[in-house]
Amino acid sequence: MSGLPLDHREKISIVVLLTSHARVHSFFQRDMDRAVQTGVNSGPVPGVSYKAALEHLVTSERFPYLSPVVLAGAYSPENDEKDGHSYGFEFDFGLARILDGIEHYVHSKR
């Protein structure tokens, strides 16, 4: 980062942003793994089926615009291979957009 036209506060902010993205994803993954490993099942929510959990939590009443996406299976590991996305797509997509933004910001400073 030494060659970037950024001051030290901007550089550390970029590091914090990237670290935060990785931490959130790792916490989410840890929680999902724990739920699956415990095998606890109080209905369709914890750990048995990610798709069933989403369908239970994301109702049309609570999330009218997100619910059709979940019901279509667009956000479930079961459909990753069908839509050409691999496991971890959300992390990779988010990271790519963050890096795009950083690149744009750095270019604007030149």
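Just so we're clear, the structure is a prediction, and the values are computed from it rather than from any experiment.
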### Message
Just so I know, are the side chains of M1 and V106 near enough to count as touching, which here means a heavy-atom distance under 4.5 Å?
### Response
no

#### Entry: Donor-acceptor contact below 3.5 Å, side chain S108 vs main chain Y105
yes

### Message
Looking at every non-hydrogen atom in both residues, tell me the closest pair between R110 and L4 and how far apart they are.
### Response
NH2-CD2, 4.1 Å

### Task
Check for a donor-acceptor pair, side chain of S67 on one end and backbone N or O of F63 on the other, with a separation under 3.5 Å.
no

### Task
Report yes or no: does K109 contribute a side-chain atom to a donor-acceptor pair with the main-chain N or O of L6 at less than 3.5 Å?
no

### Cluster check I102, V15: I/L/V/M/F/W/Y, side chain < 4.5 angstrom
yes

### Task
Answer whether the closest heavy-atom distance between the side chains of I98 and I14 falls below 4.5 Å.
no

### Message
Looking at L57, is its backbone amide N or carbonyl O close enough to the side chain of R62 to form a donor-acceptor pair, meaning the two atoms are under 3.5 Å apart?
### Response
yes

#### Entry: Six-ring centre of F93, R97 cation under 6.0 angstrom, axis tolerance 45°
yes

### Query
What is the ring orientation for H25 with F91, classed by angle as parallel under 30°, tilted 30 to 60°, or perpendicular over 60°?
tilted

## Note on the structure
All heavy atoms of D7 vs all of R9, minimum pair found to be OD1-N, 3.0 Å

### Query
Can you find a pair of side-chain heavy atoms, one from D100 and one from H104, that are under 4.5 Å apart?
no

### Task
To the nearest 0.5 angstrom, please state how far the NE2 atom of H21 sits from the OG atom of S26.
10.5 Å

### Query
Looking at side-chain heavy atoms only, is the closest gap between L99 and L18 below 4.5 Å?
yes

